[in-house]
Amino acid sequence: MTSRHIPSPSRRTVVRAAAATAAAVPVLATSTITSATAGSRLAAPAFLHGVASGDPLPDGVLLWTRVTPEPGAEPGSGRGADTPVRWEVAEDREFTVPAGRGTTLASAASDHTVKADVRGLRPATTYYFRFTAGGEAGGAGEGAEVRSPVGRTRTAPAAGASVAGLRFGVVSCANWEAGWFSAYRHLAARGDLDAVLHLGDYLYEYATGGYPTQGAALREHRPAHEILNLADYRLRHGTYKTDTDLQALHAAHPVIAIWDDHEFANDAWSGGAQNHTPGTEGAWAERVAAAKQAYFEWMPVRASTEGTVHRRLRFGRLADLHLLDLRSFRSEQASIGSVDDPERTITGRAQLDWLKAGLTGSDAVWKLVGTSVMISPVAFGALPAHLLAPLTGLLGLPKEGLAFSVDQWDGYTDDRKELIGHLRDRGIRDTVFLTGDVHMAWASEVPVKAATYPLSPSAAAEFVVTSVTSDNLDDILRVAPQTVSTVASAVVRTANRHVKWVGMDSHGYGVLDVTAERSQMDYYVLSDKTAQDATSAWVRSYRTRRGTQKVERVDRPVR
């Protein structure tokens with residue numbers, strides 16, 4: 001657990017940002033409010049989408065909520081008056097030891113979402129927070145004071161603190177239509193996490209039934225059509241945040257999130273996406289602007305100076321966390337023969353330089369890198385056709401016949417070569433890539449030269465978590481788990497000697513435990529993603545010991 005014996009600075013609280021700034025994208029009306037947003041009997045104002053916190057700092061944290069100011073003011077509708085909202089932070093759940101308070105404004109310009117960037121808190125400390133609307137705040141619902149649920153959050157250790165340990169929940173790829181978010185419920189129930197890392201695909205952009213699921217959609221997306229404009233993205237975000245397990249996760253832990261492609265559209269790149277047709281769906285730049293605006297309105301995330309999600313968080317002297325945006329700056333996915341083109345990039349020049357400088361300058365024991373797609377090279381050419389075909393969709397394998405994923409770092413080999421060469425040439429050790437995207441669990445070493453591995457060295461370790469609900473191999477083939485996947489896993493490991501494990505069937509989450517001696521990922525799986533009461537069980541653990549850049553299996557989880 002995180003060290004808690006740290007001196008307290010003065011308790012000065014500042015609100016840095018009250019609400020997200022509206023982009024120049026029109027707000028369009030959406031369908032009539034439904035039971036998901038409480039219907040016409042709603043007492044206004046109300047907090048229907050829970051509370052959240054994110055991006056913890058040693059002296060502060062970002063708080064979030066959304067106010068429904070009146071019946072019918074569902075996300076994306078543009079309806080509802082400006083509503084003053086009071087926030088409170090305290091050291092106890094009863095709010096008898098206050099740590100800060102302030103007032104901000106929920107308005108249609110930010111879809112009635114609010115953010116408070118609270119500062120002046122003590123490092124490595126658990127806090128509780130809540131919001132209040134109505135009553136003395138005036139405006140909509142005057143005289144009817146309503147309080148939000150209480151949230152719990154935690155600040156990061158002081159930048160120079162000696163920290164005994166850190167523990168993060170790790171998740172990615174949650175498709176509303178494919179299952180229940182039980183993974184979030186199990187992480188919410190843990191009291192030992194410093195934060196939860198969400199590595200992308202927090203939501204999906206498809207129309208109802210537009211993404212592979214086991215039979216009919218378990219529950220239907222809102223809006224029912226593919227999301228394209230600001231109102232659509234807002235309503236989709238709002239729909240996801242009516243899920244009680246997701247609300248529980250956000251109320252229990254600060255969430256540190258990056259986006260992948262489905263926050264925009266499938267296989268997104270800087271100029272378009274596989275799932276975007278300009279002729280019928282408008283300009284890509286307008287769709288991206290709408291998606292980003294809704295994301296920053298609805299997520300407890302601080303934007304970088306460029307308005308993206310790449311940023312850096314520090315957890316004492318134990319770990320620096322470098323978070324990447326691998327969609328905003330990347331070149332279009334490759335065709336045959338162009339993956340090695342040095343003009344192609346997955347990071348963009350400025351972001352790659354920023355990452356390299358951050359890794360060089362870090363004095364932390366561990367350099368953690370949150371990356372939405374796999375950096376480890378993986379070849380699939382030896383797989384039989386009946387297994388390679390379903391993996392094509394999951395892994396982004398090109399239909400032209402390349403046996404590796406051009407949507408991952410495999411499709412941008414010059415950037416990967418430069419980054420791995422930087423780690424090797426500068427002697428940067430103890431780098432761990434944390435990854436989502438592929439709906440499978442992996443534990444890998446990142447080789448300097450895959451073709452000669454293990455005769456050539458490893459530059460880093462990579463832990464990939466499976467999906468919360470999004471389909472994996474057994475879902476797509478509609479077969480029992482641990483049947484055909486065992487063949488595919490064996491073939492992949494034989495062809496890729498740096499891959500220590502791949503689990504192709506299960507859904508769940510990871511728990512990353514970091515100490516000065518090692519970083520360990522414990523993998524947990526759900527009993528049934530289609531069951532609201534799904535249980536969770538530990539299945540595997542892998543670790544990398546300090547100074548080794550190697551990955552080894554562990555016979556038990558940390559907890």
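Values below: all heavy atoms of this structure, side chains included; hydrogens, waters and symmetry mates excluded.
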Query raised in the report: Is it true that the NZ or CZ of Arg312 lies under 6.0 Å from the centre of Trp354's six-membered ring and within 45 degrees of the ring axis?
Result: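 Arg312 over Trp354 ring: yes.
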Query raised in the report: Does a sphere of radius 6.0 Å around NZ in Lys417 hold more than 12 heavy atoms from other residues, nucleotides or ligands, not counting ones at 6.0 Å or beyond?
Result: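 No.
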In terms of side-chain geometry, is the basic nitrogen of [X] or [Y] positioned less than 4.0 Å from the acidic oxygen of its partner?
X	Y	result
Asp243	Arg185	no
Asp471	Lys529	yes
Arg236	Glu226	no
Asp410	Arg416	yes
Asp415	Arg349	no
Arg344	Glu332	no

Query raised in the report: For Leu323, which of Leu368, Val309, Leu313, Leu434 qualifies under side-chain contact (heavy atoms from CB on, under 4.5 Å)?
Result: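 Checked Leu368, Val309, Leu313, Leu434 against Leu323; only one passes side-chain contact (heavy atoms from CB on, under 4.5 Å): Leu313.
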**Report entry** Ser182 and its side-chain contact (heavy atoms from CB on, under 4.5 Å) partner, picked from Val468, Leu526, Thr530
**Finding:**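 Filter result, single survivor: Leu526.
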Pair [X] + [Y]: ring centers closer than 6.0 Å:
X	Y	answer
His507	Phe181	no
Trp259	Tyr202	no
Trp298	Tyr240	no

Requested in this report: Take His221 and Tyr204 through the ring-ring contact (aromatic ring centres under 6.0 Å, His included) test and state the conclusion after the steps.
Outcome: CA-CA 9 Å; His221 270 141; Tyr204 281 73; 7.6 Å; no
Do side-chain atoms of [X] reach the backbone of [Y] as a donor and acceptor pair under 3.5 angstrom?
X	Y	result
Arg234	Ala291	no
His422	Lys356	yes
Gln247	Leu48	yes
Asn229	Ala231	yes

Query - Partners passing salt bridge (Lys or Arg N to Asp or Glu O under 4.0 Å) against Asp325 (at least two apart in sequence or in another chain) - result: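 Asp325: no salt bridge (Lys or Arg N to Asp or Glu O under 4.0 Å) contacts found.
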Query raised in the report: Shortest non-hydrogen contact from Gly179 to Leu218?
Result: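 Of all heavy-atom pairs spanning Gly179 and Leu218, the closest is CA-CD2, 3.5 Å.
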Query - Test side-chain hydrogen bond (donor to acceptor under 3.5 Å, both in side chains) applied to Ser372 and Asp260, step by step - result: CA-CA 6 Å; Ser372 58; Asp260 193 27; 3.1 Å; yes
**Report entry** Glu74/Thr68 under side-chain hydrogen bond (donor to acceptor under 3.5 Å, both in side chains): CA gap, chis, key distance, verdict
**Finding:** CA-CA 7 Å; Glu74 68 176 354; Thr68 301; over 6 Å; no
Requested in this report: Using the test ring-ring contact (aromatic ring centres under 6.0 Å, His included), find all partners of His276 that sit at least two apart in sequence or belong to another chain.
Outcome: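 By the ring-ring contact (aromatic ring centres under 6.0 Å, His included) rule, His276 matches Trp284.
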**Report entry** With Thr435 via side chain to side chain contact (heavy atoms under 4.5 Å, CB included) - residues at least two apart
**Finding:**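 In terms of side chain to side chain contact (heavy atoms under 4.5 Å, CB included), with neighbours along the sequence ignored, Thr435 is linked to Thr371, Met374, Phe433, Glu462, Val464.
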**Report entry** Stepwise side-chain hydrogen bond (donor to acceptor under 3.5 Å, both in side chains) test for Ser304 and Glu306
**Finding:** CA-CA 5 Å; Ser304 71; Glu306 295 85 2; 3.1 Å; yes
